[in-house]
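Read through the structure below, which is laid out as structure tokens, and then see the notes.
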Amino acid sequence: MKSSKHIRKPLTLFISAVIAASTASTMAQNDTSTPRLALEEVVVTAQRRAQSLQDVPVAVSAIDGNLLKESGTTDLLNLQMLVPSLTMEQSKGPGFATFRIRGVGNLGNIPNFEPAVGLFIDGAYRSKSGLGVGQLVDVDRVEVLRGPQSTLYGRNVTAGLISVITKRPTDELEGFMEVDAGNYNASVIRASVSGPLADNVQGRLSGFWEQRDGTFEDINLNTEPNEKESWAVRGQLAFQPTDKLSILVIGGYSEKDADCCNQDVDLGALGAAFSGIVMGSAPDTDPTNRVMQFSDTNTYEDEAKELTLKIEYDFDSFVLTSLTSYDDFEIFGVLDSEQTPMDVVTFYDRQEAETLSQEFRFTSESGGDFDWMAGLAYYKNDFTRGSLDAGEPTTTVGVDVLLPLFQAPPALGGLPGDASFFKSTYDTENYSIFAQGNWHLSERLTLGAGVRWFTEEKDMAIDSRAEVGIFPSYALITTVPAPVEGNRDTDQVAWNLSASFHSTDDIMLYGSVSQGAKGGGFNGDWDGRGALSVDDREFDDEEVLNYELGVKTSLLESRLTLNANVFYSEFDDFQNASFLGLNFLVDNAAEVTTSGLEIDTVALLTSWLTVDFSYTYLDAKYEEFSTGSCYFGRAPDNPVANTCDLSGDALPLAPENRYHLGILGHWSVASGELYGRADYSWTDETETDNALDPRGVQDSYGILNGRVGWRNDSFDMAAWIMNATDEEVVTLSAPQTLFGSVDGGRQVYLNDPKTYGVTLRYSF
């Protein structure tokens with residue numbers, strides 16, 4: 001550990017939380033007048049076996065289906081409201097959404113860049129996190145594990161993971177239908193049915209359909225962009241041939257179709273001048289008013305399929321689990337590249353991928369002095385982006401009447417109708433072996449250790465031909481003189497050590513040291529600094545060493561849980577992603593550190609009132625990073641490489657303070673229950689530009705959501721509001737695609753505006 005300065009403040013706050021927990025425990029022992037009320041036990045599978053949340057020596061947040069429903073959290077994008085350590089960003093479409101935990105994550109626009117925060121659905125890893133963004137239907141709970149989880153979960157996850165566990169088929173018939181109606185002409189239908197199909201066979205079928213009008217205004221096209229429509233269906237079959245053998249088959253299909261997700265633009269001088277000429281009036285230059293003036297509406301479509309097969313056999317002393325997963329997706333997006341009223345360059349983003357994974361896991365029975373888990377896993381992903389067929393261009397030049405005013409001479413290219421073609425393939429194959437053991441030295445003390453070894457091979461091939469360039473530099477940027485091919489192999493080891501001690505039946509102290517690993521790769525995108533060689537495109541493996549101390553408590557006769565932890569993580573060769581205007585670039589920051597404090601507490605104040613609160617203090621910074629991107633107007637520290645030294649600067653999208661407060665009340669009314677919930681989330685100011693442009697700083701803000709309704713065993717009727725104060729929040733900013741490097745124009749992505757509506761639900 002470099003210096004105690006990174007953990008001094010969070011450690012002080014952590015010690016205060018431990019003292020508060022001990023004091024509350026003493027008070028509880030002396031309080032005999034309190035009526036017997038208790039919070040329900042939360043069971044999680046964070047360590048790949050069922051355990052009480054309060055007994056797991058891991059920093060984990062668990063949001064069950066009831067909390068998701070009562071808080072109106074119907075989409076993974078809204079989950080960050082409830083988990084302050086978690087942030088999410090979405091740019092060109094749902095498939096480009098990514099997650100960050102403790103300030104660590106990556107840009108979703110780089111499709112072959114594997115995430116530091118993994119998404120697992122019913123235990124199966126999903127290669128593209130954004131495809132999990134959508135309606136949360138039939139979800140039993142969502143677990144958010146913070147810190148490196150490479151030992152038990154593999155597949156990188158150096159920052160943490162999100163695990164979505166859906167409800168299983170049931171022995172008795174049950175189901176529901178739910179309808180939402182809201183402003184922006186929003187409509188959502190969710191439905192599920194579950195029950196027995198034959199002896200020892202159960203099934204479950206769920207799905208949704210949603211649509212919403214646009215939340216932006218395009219004053220050039222006279223349209224309202226950012227509308228969306230999507231639907232999905234998911235089926236499960238559960239077989240129990242014998243008492244020892246169980247088989248679960250899960251299949252899903254989804255489609256999304258939208259003219260989204262459009263940016264607002266902060267025009268520079270050149271972009272504003274051309275926009276003013278085209279519009280015949282002063283251009284809109286407010287980047288947060290949800291008003292745009294594009295020549296064409298951005299569109300996004302995706303189609304995704306998944307299949308999971310889980311087989312378990314109980315050998316009495318251990319359980320063998322086989323988990324097989326297959327998924328594939330196709331994405332097609334259209335982007336107005338110059339983001340102005342001029343019809344200059346249109347970008348067509350085509351992607352397709354197939355993924356196959358297999359894991360065999362051996363898990364001992366719980367309850368003895370020693371429990372263990374061991375297994376082996378295989379993962380293969382084949383990804384293609386660009387001109388999937390020879391006749392499909394990546395970019396085309398429009399025929400705007402103003403082209404002759406600024407178009408390069410014909411000898412340099414740039415005639416209307418010209419096009420460029422680009423194709424990138426990226427194949428990954430990974431094998432791993434892992435083991436985890438826990439020694440229960442006494443009823444109160446447990447020691448744990450785990451290790452995973454993996455070997456990985458990646459193959460990359462890029463073929464590009466450019467037939468056009470509005471400016472000579474554009475032709476240079478999009479042209480790769482010859483096909484580029486690369487191959488890299490890596491072997492890495494991840495491990496963890498942990499200890500937990502129950503000082504009382506209600507207080508557990510724990511500590512852990514863990515090392516996570518993330519394989520390197522290649523930049524498969526265009527090159528904004530000229531044609532790169534294979535060596536120039538390659539970036540190295542990432543490693544992280546994480547130290548953590550925590551306390552988990554169940555106090556006041558289980559009416560209060562108070563959990564807290566401090567952490568310090570040191571990343572070597574941190575894989576950093578930047579947007580350079582026309583392309584993305586991944587390189588390695590020599591050292592990045594993150595440290596902080598996390599607190600989660602839930603209190604059952606009375607039989608009718610529950611309060612939950614969570615808080616994160618975060619210090620995330622580049623300790624050593626001499627090859628960062630330069631924002632417009634900043635002189636490069638290295639003029640030859642055109643890079644800037646970001647050493648000592650805070651990471652983007654990593655606010656120092658965040659907290660969430662939730663209040664739930666319920667009262668018996670008219671043979672049912674009246675309930676209401678309010679959620680308030682506050683976020684400190686944060687930098688939203690990966691090049692750390694000062695113009696990208698988002699001021700601190702708060703988001704308020706509310707829901708009130710009446711329910712009984714069959715019916716639930718509620719009214720709700722999200723972002724009640726209509727806060728305008730920049731979630732991500734970057735250089736304007738075509739003009740950003742010329743005049744400093746910027747593009748920004750915004751949160752959803754205020755939305756409200758009603759929900760009707762019938763359950764049986």
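Numbers here simply count residues along the sequence, with the first being 1. None of these values were measured; they are calculated from a predicted model.
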Please report the closest heavy-atom contact between [X] and [Y], naming both atoms and the distance.
X      : Y      : answer
Asp327 : Ser127 : OD1-OG, 3.8 Å
Ala62  : Val44  : CB-CG1, 3.7 Å
Gln236 : Pro169 : OE1-CD, 3.5 Å
Leu245 : Gln240 : O-NE2, 3.0 Å
Phe360 : Ser322 : CE2-OG, 3.6 Å
Gly103 : Leu618 : N-CD2, 3.7 Å

Expected output: side-chain [X] to main-chain [Y] donor-acceptor under 3.5 Å:
X      : Y      : answer
Gln575 : Asp540 : yes
Ser71  : Leu67  : yes
Arg146 : Gly160 : no
Thr98  : Asn106 : yes
Gln515 : Val493 : yes
Glu557 : Leu555 : no
Gln80  : Met88  : yes
Asn588 : Ala590 : no
Glu542 : Phe571 : no
Lys518 : Glu114 : yes

Inset, instruction - Could you walk me through whether Asn438 and Asp371 pass the side-chain hydrogen bond (donor to acceptor under 3.5 Å, both in side chains) test, one step at a time? - result: CA-CA 5 Å; Asn438 296 297; Asp371 59 65; 3.0 Å; yes

When rounded to the nearest 0.5 angstrom, what is the spacing between [atom1] in [X] and [atom2] in [Y]?
X      : Y      : atom1 : atom2 : result
Gln492 : Glu543 : CD    : CD    : 5.5 Å
Thr363 : Met373 : OG1   : CE    : 4.0 Å
Ser364 : Gln436 : OG    : CD    : 10.5 Å
Glu456 : Asp541 : CD    : CG    : 8.0 Å
Thr593 : Asp572 : OG1   : CG    : 11.0 Å
Asp122 : Ile165 : CG    : CD1   : 7.5 Å

Inset, instruction - Evaluate the criterion side-chain contact (heavy atoms from CB on, under 4.5 Å) for residue pair Gln51 and Leu53; output intermediate values, then yes/no. - result: CA-CA 6 Å; Gln51 295 172 284; Leu53 174 65; over 6 Å; no

Legend entry - Test: Arg48 cationic atom under 6.0 Å from Tyr153 six-membered ring centre, within 45° of axis: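 That pair qualifies as a cation-pi contact.
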
Legend entry - Cation-pi geometry met for Arg102 and Phe567 (6.0 Å, 45°):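 Geometry flag: set, cation within 6.0 Å and 45°.
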
Inset, instruction - I would like to know whether Tyr615 and Leu597 meet side-chain contact (heavy atoms from CB on, under 4.5 Å); could you show each step before the answer? - result: CA-CA 8 Å; Tyr615 166 76; Leu597 165 76; 4.2 Å; yes

Inset, instruction - Just do the side-chain contact (heavy atoms from CB on, under 4.5 Å) check on Leu86 and Ile101 with the steps written out, would you? - result: CA-CA 5 Å; Leu86 175 70; Ile101 291 179; 3.9 Å; yes

Inset, instruction - Please name the residue in the list Val592, Thr158, Leu545, Thr594 that meets the side-chain contact (heavy atoms from CB on, under 4.5 Å) test with Ser569. - result: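 Of the listed residues Val592, Thr158, Leu545, Thr594, the side-chain contact (heavy atoms from CB on, under 4.5 Å) partner of Ser569 is Thr594.
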
Inset, instruction - Would you mind reporting whether Gln149 and Asn496 have side-chain heavy atoms less than 4.5 Å apart? - result: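 The answer is no; the side chains never approach within 4.5 Å.
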
Inset, instruction - Please examine the side chains of Ser194 and Thr170, heavy atoms only from C-beta on, and report whether any two atoms are closer than 4.5 Å. - result: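 Yes, their side chains come closer than 4.5 Å.
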
Legend entry - Side chains of Asp506 and Thr553, donor plus acceptor under 3.5 Å: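 There is no such pair (donor and acceptor under 3.5 Å, judged by atom type) between the side chains of Asp506 and Thr553.
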
Carboxylate-amine/guanidinium proximity below 4.0 Å for [X] and [Y]:
X      : Y      : answer
Arg100 : Glu89  : yes
Glu174 : Arg204 : yes
Lys244 : Asp316 : yes

Inset, instruction - Check each of Lys552, Glu598, Gln54 against Asn563 using the side chain to side chain donor-acceptor pair (under 3.5 Å) test, and report the only one that passes. - result: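 Only match with Asn563 under side chain to side chain donor-acceptor pair (under 3.5 Å): Gln54.
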
Inset, instruction - Apply side-chain contact (heavy atoms from CB on, under 4.5 Å) to Arg658 and Ser681, showing your working. - result: CA-CA 7 Å; Arg658 288 186 69 208; Ser681 176; 4.1 Å; yes

Inset, instruction - Could you go through the side-chain hydrogen bond (donor to acceptor under 3.5 Å, both in side chains) check for Thr355 and Arg126 one step at a time? - result: CA-CA 8 Å; Thr355 302; Arg126 290 294 165 245; over 6 Å; no

Legend entry - The single option from Tyr379, Tyr378, Trp453 passing ring pair (Phe, Tyr, Trp, His ring centres under 6.0 Å) against Tyr431: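 Only one option passes, and that is Tyr378.
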
Inset, instruction - I would like to know whether Arg559 and Thr561 meet side-chain hydrogen bond (donor to acceptor under 3.5 Å, both in side chains); could you show each step before the answer? - result: CA-CA 7 Å; Arg559 291 175 56 186; Thr561 61; over 6 Å; no

Show which side-chain atoms of residues 441-452 pair as donor or acceptor with protein atoms under 3.5 Å away, not counting sequence neighbours.
| unit_1 | atom_1 | unit_2 | atom_2 | d |
| --- | --- | --- | --- | --- |
| Ser442 | OG | Arg444 | N | 3.2 |
| Ser442 | OG | Leu445 | N | 3.1 |
| Arg444 | NH1 | His502 | O | 3.1 |
| Thr446 | OG1 | His440 | ND1 | 3.0 |
| Arg452 | NE | Ser150 | O | 3.0 |
| Arg452 | NE | Thr151 | O | 2.9 |
| Arg452 | NH1 | Ser432 | OG | 2.7 |
| Arg452 | NH2 | Thr151 | O | 3.3 |
| Arg452 | NH2 | Leu152 | O | 3.1 |

Legend entry - Within 6.0 angstrom of Asp489 CG, more than 12 heavy atoms from elsewhere: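 Counting neighbours around CG of Asp489, more than 12 heavy atoms of other residues, nucleotides or ligands fall under 6.0 Å, so yes.
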
Inset, instruction - Output all residues satisfying side-chain contact (heavy atoms from CB on, under 4.5 Å) with Ser317, sequence neighbours left out; order by chain, then residue number. - result: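 side-chain contact (heavy atoms from CB on, under 4.5 Å) list for Ser317, sorted by chain: empty.
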
Inset, instruction - Classify the ring geometry between Tyr680 and Tyr659 as parallel (under 30°), tilted (30 to 60°) or perpendicular (over 60°). - result: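 Aromatic pair Tyr680/Tyr659 classed tilted.
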
